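Following: one structure in structure tokens, then a few remarks.
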Protein chains: 2
Amino acid sequence: MEDAVDRNRLPVRRATLEDVAREAGVSLATADRVVNQRDGVRAKTVESVRRAIAKLDYRANPAAARLARGQSFRFAFILPSSTNAFMAGLMQQVRRISDWLEPQNAFIDILQLDVFDPEALASGLAGLAEHFHGVATVALDHPKVRAAIDDLVARGIAVVTLVSDAPTSRRAHYVGIDNPAAGRTSASLMGRFLGGRTGKVGVVLGSMSLRDHVERLYGFQQVLSGEYPGLGLLPALEGRDQSERNEAAAAKLLAEYPDLIGLYNIGAGNEGIVAALEAAGRPLVFIAHELTEATRRGLLSGTVAAVINQDPGHEARSAARLLMAEVTGEPILLDQERIRIEIFLRDNMS
Amino acid sequence: MEDAVDRNRLPVRRATLEDVAREAGVSLATADRVVNQRDGVRAKTVESVRRAIAKLDYRANPAAARLARGQSFRFAFILPSSTNAFMAGLMQQVRRISDWLEPQNAFIDILQLDVFDPEALASGLAGLAEHFHGVATVALDHPKVRAAIDDLVARGIAVVTLVSDAPTSRRAHYVGIDNPAAGRTSASLMGRFLGGRTGKVGVVLGSMSLRDHVERLYGFQQVLSGEYPGLGLLPALEGRDQSERNEAAAAKLLAEYPDLIGLYNIGAGNEGIVAALEAAGRPLVFIAHELTEATRRGLLSGTVAAVINQDPGHEARSAARLLMAEVTGEPILLDQERIRIEIFLRDNMS
DNA sequence: CTGTTAGCGCCTTCAT
DNA sequence: ATGAAGGCGCTAACAG
């Protein structure tokens, strides 16, 4: 009853290193050296161990390896000091992931830096090599930041970029969405939702110096002007991701353009825009980023037509898994780590 | 250099069971009994061990526990014998997951059954208890199937339903999407994309006896008729998920309704519908399920406006993780296991 | 009811 | 270049 399975039928047990050693006629230690690609083994011996491995279809038991190595790890997560609803959610998810990390002897520190200031970010990263085995950072594509990342990597620190990439750096992975594609997705939705109508479409973003914002804008423009000639794209307004500024910007657009029929907020601070739209009471297709309290309410009320989202829980878990994989050398399942451009309407808001 | 971290600053090591035992003044075995909630320990002893656990913030090392238990597992995945592009993809993902399972001494068998025939499915499930520790099955909400699942559960087998649920059974989890919500999502997209136009909307599904299809239809109807009165929903046509039948159904709708402006295929067999639409050359909003070869092409060519997707890779991994968690008693991260209703447009097709 | 002990599979000195 | 042996943290007999 305890064990209902007929164990006789089971491929009862995978081959162990000991089986491999016996099969190859060498000791455990030698087999281990081959498995872990350490040198100090004659080529012929390596060959015979390799054959044994292949013959027995040996795969190391990760639990045993971890136990034996008994390493412990320390990771830093670098998040922006100026926070918004999305970043707050991300931080919460990063905190939660330590429940998964700690039992594996891995510990995280969350450091808040001004990630929008290249100097500040670069110098913040600079001191990390002595204290951490891995770093996940909201990055910036800037020479100084790249240099800081490359320096960490050169010192053997595992680095992944989070949400915002430094593509030219030597970071092991970027954990975040494809921003130009997100902009194109938004434009396709906008164009489809406006179904042949003509009028103006406004865009609000945090700043023209934020790479991910500019990339989204680029993708948005590309599709909107290429495929929806009836829609006039207005110059993008910078709201610094601040609710109040965004509210003013939206109000201004509404006032200036009676034929404004679409609005895309590329960055944060959606509360302000929702407020402006609801105050004006004019129907208009508004597309926002990130599923937060404000955008959820907007979806429900109808003020927000669609939300483009990246799942912060997925991002936190993915960053943690990738860092662990880097430092332990364990394999990863790449498609599990691809962060999707999610589209939420009221009905699949989950 | 090898170890760049100043280990003195590390919370070097989590407390081990041995630390707990020492702190509580008992033996390892007793501490273990308390941790694993085995009985045969005096209440007072339990109490003191508990205090030690709390004091030291002890959390068991899962790698060590696995190694010591040294169990091996055998899981069955029940997939439909009549296959389609989605199911083929799912099967492939299930196969791939064994690369993750095998090193942990867990093995899977894929069994193909006629999951649409309650008797066949129920009797297929019936024999499984002797051979498997866990079963993931594409299910059916039918008394016999429910009974078969409940019987497995009663015999201590871990059961999860996959893609299609048996909600009234005692299965541990359902790994799949919320189908009524998927239908509503589709209707919202349809309504938005048709932006105020009036005309007919057709629906094709596999069969009125497939619960998930009927649920999607229900959700679709609910939103379409409730919120888009200008759109006339036509009676659903059954195509048995077969491309040829679907092609005929689509052609028939096109011929009979000159004002057909929308089409929703709830099930498989999208090749046929795409063919019919491309042959007719009439512009029309077509929404399909599952990102496959056919729907990808349709998105690119513009024949398919949007695809509602459930990620088969995620489903396979999730089912595997949940079964492992059930049989080992290890904890799960529930939000990692929620299968999303994904919306794909051409631009976020990834 | 509680303690002792022998592993699980692998890694790592330390010898040879 | 190779082998022997101890131990990682936990579990599971087996004694008491």
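Chain A is the first sequence line, chain B the second, and so forth, proteins listed ahead of strands; every chain is numbered from 1. Computed from a predicted model, the values in this text were never measured in an experiment. Any value given below was found using the heavy atoms of this structure, including those in side chains, with hydrogens, waters and symmetry copies removed.
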What is the bend of the helix from C:dC1-D:dG16 to C:dT16-D:dA1 when you compare the axis at one end with the axis at the other, using five pairs each and rounding to 10°? 40°
Keeping [X] on the side-chain end and [Y] on the backbone end, is there a donor-acceptor pair under 3.5 Å?
X: A:Gln104; Y: A:Trp100; result: yes
X: A:Ser169; Y: A:Arg146; result: no
X: A:Asp109; Y: A:Ala76; result: no

Quick one: side-chain hydrogen bond (donor to acceptor under 3.5 Å, both in side chains) partners of [X], sequence neighbours excluded?
X: A:Arg340; answer: B:Asp311, B:Glu342
X: B:Arg59; answer: A:Glu102
X: A:Glu18; answer: none

First-last contacting nucleotides on DNA chain C - partner chain B, under 4.0 angstrom, heavy atom: C:dC1 to C:dG9
Looking at A:Asp151 and A:Arg155, is there a salt bridge between them, counting it only when a charged N and a carboxylate O are closer than 4.0 Å? yes
Before accepting this row, confirm whether a basic side-chain N of the pair B:Arg38/B:Asp32 lies closer than 4.0 Å to the acidic partner's carboxylate O. yes
Pairwise side-chain contact, B:Val175 with B:Arg338, heavy-atom cut-off 4.5 Å (strictly under):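 B:Val175 vs B:Arg338: side chains apart.
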Are A:Leu111 and A:Leu128 packed together at the side-chain level, in the sense that at least one heavy-atom pair is separated by less than 4.5 angstrom?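 Yes, close enough: below the 4.5 Å cut-off.
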side-chain contact (heavy atoms from CB on, under 4.5 Å) partners for [X], two or more places apart:
X: B:Ala68; result: none
X: A:Pro167; result: A:Asp141, A:Asp165, A:Arg211
X: B:Leu67; result: A:Asn61, A:Ala64, A:Leu67

Name the residue from B:His173, B:Gln336, B:Glu337 that meets the side chain to side chain donor-acceptor pair (under 3.5 Å) definition with B:Ser318. B:Glu337
Could you write out each protein N or O paired with an N or O of nucleotides 14-16 of chain D at a distance under 3.5 Å?
none

Of residues 322-333 of chain B, the positions that come close to DNA chain C - non-hydrogen atoms, cut-off under 4.0 Å: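 Hits under 4.0 Å, by residue number: none.
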Tabulate protein N/O versus nucleotide N/O from nucleotides 8-11 of chain D, keeping only pairs under 3.5 Å, one per line.
residue: D:dC8; atom: O2; partner: A:Leu67; partner atom: O; Å: 3.4
residue: D:dC8; atom: O2; partner: A:Ala68; partner atom: N; Å: 3.2
residue: D:dG9; atom: N2; partner: B:Ala64; partner atom: O; Å: 3.4
residue: D:dC10; atom: OP1; partner: B:Tyr58; partner atom: OH; Å: 2.5
residue: D:dC10; atom: OP1; partner: B:Asn61; partner atom: N; Å: 3.2
residue: D:dC10; atom: OP2; partner: B:Leu17; partner atom: N; Å: 2.3
residue: D:dT11; atom: OP1; partner: B:Arg69; partner atom: NH2; Å: 3.2
residue: D:dT11; atom: OP2; partner: B:Asp32; partner atom: OD1; Å: 2.4
residue: D:dT11; atom: OP2; partner: B:Asn36; partner atom: ND2; Å: 3.1

The salt bridge (Lys or Arg N to Asp or Glu O under 4.0 Å) partners of B:Asp178 (sequence neighbours excluded) come to none
